[in-house]
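Remarks on the structure that follows.
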Amino acid sequence: MSATIPDEARRRAAELRALIERHAHLYYVLDRPEIGDADYDLLLGELQDIEAAFPALRTPDSPTQRVGGQPLEKFEQWRHLQPMLSLANARNADELLAWDRRNRRLLEAHGLGDAPLSYVAEPKIDGLAISLVYRDGLFERGATRGNGVVGEDVTANLRTIQAVPLRLGALDRGEPVPAVLEVRGEVYLPLAAFARLNESRTAAGKSTFANPRNAAAGSLRQLDPAVAAARPLDIWCYQLGYREGLEVDSHWQSLAWLAGQGFRVNPAAARYETIEQVVAACAAWVERRGEVDYDIDGVVVKIDEVALQLDLGEVAHDPRWAIAFKFAPTTVVTRLQDIAVNVGRTGVLTPFAVLEPVPVGGVTVERATLHNEDDIRRKDVRPGDEVIVQRAGDVIPQVVGPAISEQEGAQSVAAHEARPQWTMPVRCPACGSPVVREEGEVAVRCPNRSCPAQIVEAVRHFVSRGAMDIDGVGDEAVAALHEAGLVGNVADLYELTLSRLVGAPLFARKAIGPDGQEIVVPNRFAENLLSAIAASRRQPFARVVFALGIRHVGAVTAELLVEHFPSLDELQGATEAEIAEVPGIGPVVAATVEQYLADVHNRETLTKLRAHGLRFVEEAPRRAAGPLSGKTFVLTGTLDTLSRPAAGERITALGGKVAGSVSGRTDYVVAGANPGSKLAKAGKAGAEIIDEQTFLAMLGAAGDPAGAGGSEGAGGSEGSTGGGGA
Ligand code: IVH
């Protein structure tokens, strides 16, 4: 047969296959296409023509063969060459640490106590586990996990997933290929594709899928491969199974090898040296899970060294060397009663969801963040909708999107469509001023500096714990002071007297005067308030700078500013460019600081505050020599026992330095709960990540913990403009 095929056709078919595979890999696996769809289709068309003329050239690994098979009667069973194990769960950091201790004990007992041990942490994809079998480098079979020993042969459907290589890269490079290889991965439907799929199903009057996982499973278990092909399934490959002719020493190495063969390997996988780093990474994933275009329900942590994996083995059906850190289930469906707007201290209008109260993960949620108008448009939630609400860790709940009821299907979509879309008010809900949207900004703001909402928020911030720490002024008191006309800006606080305070009912009580008449006198709250205000005059300059509530200036940024400009005069004398030169302060922050200081009203407030005796000079040398001298710390996340400013004060009191962002000069990153992106940077910068316990131990070892000042509790979130919190 093959003798009848002209060499030229054979050569061109091979060339086309290689070209098509290369461009498919660039597009589907690396997300970096080099040619357009039309050009790609031309190549594919030419190959199809050649194969039609010479069917013997139509090999199973040809890219034309991704969709081809006839609908099946039923799926055949497939026995996995190596069982597909499941994973034990860790629900929190303690369980993760316990898992690690157990492993270390076992290794020690086996004489491997000193062997280097590291970890790989990767997102746990909430899809459908599958196994791909390659023989002599060619894709031969793919199956679902089934019961772990026997699954269903879904080869034809898996072929339709463009990111599943039909041949190993080694084959094309003329490198040795394993005789037999199992590759394990997760098939999933990207969130955007899931939304589109449900939308078109609804339009067609079909039932919708409850979640992306069900949609992926339903698609992969289609008897007609053409249906599966129409679903934009994707895959992450994360593990080797049975293998002949391939040696790897570590899991990390196997991931690199898989990527080199053309498999789609999640770039979010990372290697760590200590379990504390793994714990921090898991905590970071709780925050980041919403950033990726696929559902994840946890983090899979694997011991990297294959030799240690083999030594640890498995118990029941779970390997001891791997564990799934599972996220707490935190989504719930409730009704969006309304979308209301909060005006922050800098005038930014932040919409928030008013929800029918619903319990999520142990707390009742009535409010949720809806960052801005674009966010609401993108999620397409409308007042009256049933919505999916997610609470990740301790953070403010988020509205994920509308919950289209599966039972009601088209009806619930129609009801949603019938509801009007929400739009941002054109006037400030607090003062009625027309709002403005500055160019290049998403934020809509109220330009009125006498706006009561802004004043109240600014005063609240000023008196808060991380700022001037004025005890006894809760939200209610701030509102009362403002309502009574006693506080119109933060400087007014220092002009309060007992006789003025009786003007606010909250601070007054009735008494009988000397002449037997009923009179109004200041109550105990009034006296306490005045002494707390008086005490606040002693707060250090950095606290004052933070308390001013300058946009983007959190506690850490305030510390940085003060460190470089240790007095108000120096700060006011600095140009925007000089401020931007401070390590850890970017151009945006520098610009807002400059603007704040240049504003006449702000200058007036500063003059008044100075006249009232607040500290506008850094008194003690900030960096006295001490046990932490020469060490630079970055704080991220919320600490249980200290506010960030307090933690910063303790560090500087001991001679250390606090920086706002991670750089090559960072020695330690202190990771509290829900740390941010600083954690990821820490690894790259070579900084050591330490948890709160270790940090406290360091402070304790370095100095007398009782001796350091600072209030405890509220961890200020950097540069937050406030929003509709729960
Ligand atoms: S490794 C021996 N890695 O989680 C290790 N599994 O509960 C076996 N999964 O059946 C699995 N993402 O469906 C591994 N990055 C990942 C994963 C992952 C999701 C799923 C997989 C498995 C289940 C175990």
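This chain uses plain numbering: 1 for the first residue, then up along the sequence. As the structure lists them, so they are numbered: ligands from 1, and atoms in each ligand from 1. Quantities reported herein were computed from a predicted structural model and do not represent experimental measurements.
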On the 0 to 90° scale, with breaks at 30° and 60°, tag the Tyr294-Trp236 ring pair as parallel, tilted or perpendicular.
perpendicular

Do Leu223 and Glu73 come within less than 4.5 Å of each other through their side chains, counting heavy atoms only?
no

If you apply the rule side-chain contact (heavy atoms from CB on, under 4.5 Å), what do you find for Arg141 with Glu182, and how did you get there?
CA-CA 9 Å; Arg141 198 174 302 276; Glu182 275 182 324; over 6 Å; no

Which atom pairs, nitrogen or oxygen on both sides, join ligand 1 and the protein at under 3.5 angstrom?
unit_1, atom_1, unit_2, atom_2, d
ligand 1, 3 (N), Lys302, NZ, 3.1
ligand 1, 4 (O), Lys124, NZ, 3.3
ligand 1, 12 (N), Ile125, N, 3.0
ligand 1, 13 (O), Glu186, OE1, 2.7
ligand 1, 13 (O), Glu186, OE2, 3.3
ligand 1, 15 (N), Glu122, OE1, 2.8
ligand 1, 15 (N), Pro123, O, 3.4

Going by the rule side chain to side chain donor-acceptor pair (under 3.5 Å), which residues pair with Glu122 if we only count those two or more places apart in sequence or in a different chain?
His251, Lys302

List the steps and the verdict of side-chain contact (heavy atoms from CB on, under 4.5 Å) for Leu112 and Asp311.
CA-CA 9 Å; Leu112 288 166; Asp311 183 78; 3.5 Å; yes

Looking at Ile376, Thr369, Asp375, Leu370, which one forms a side chain to side chain contact (heavy atoms under 4.5 Å, CB included) with Asn372?
Asp375

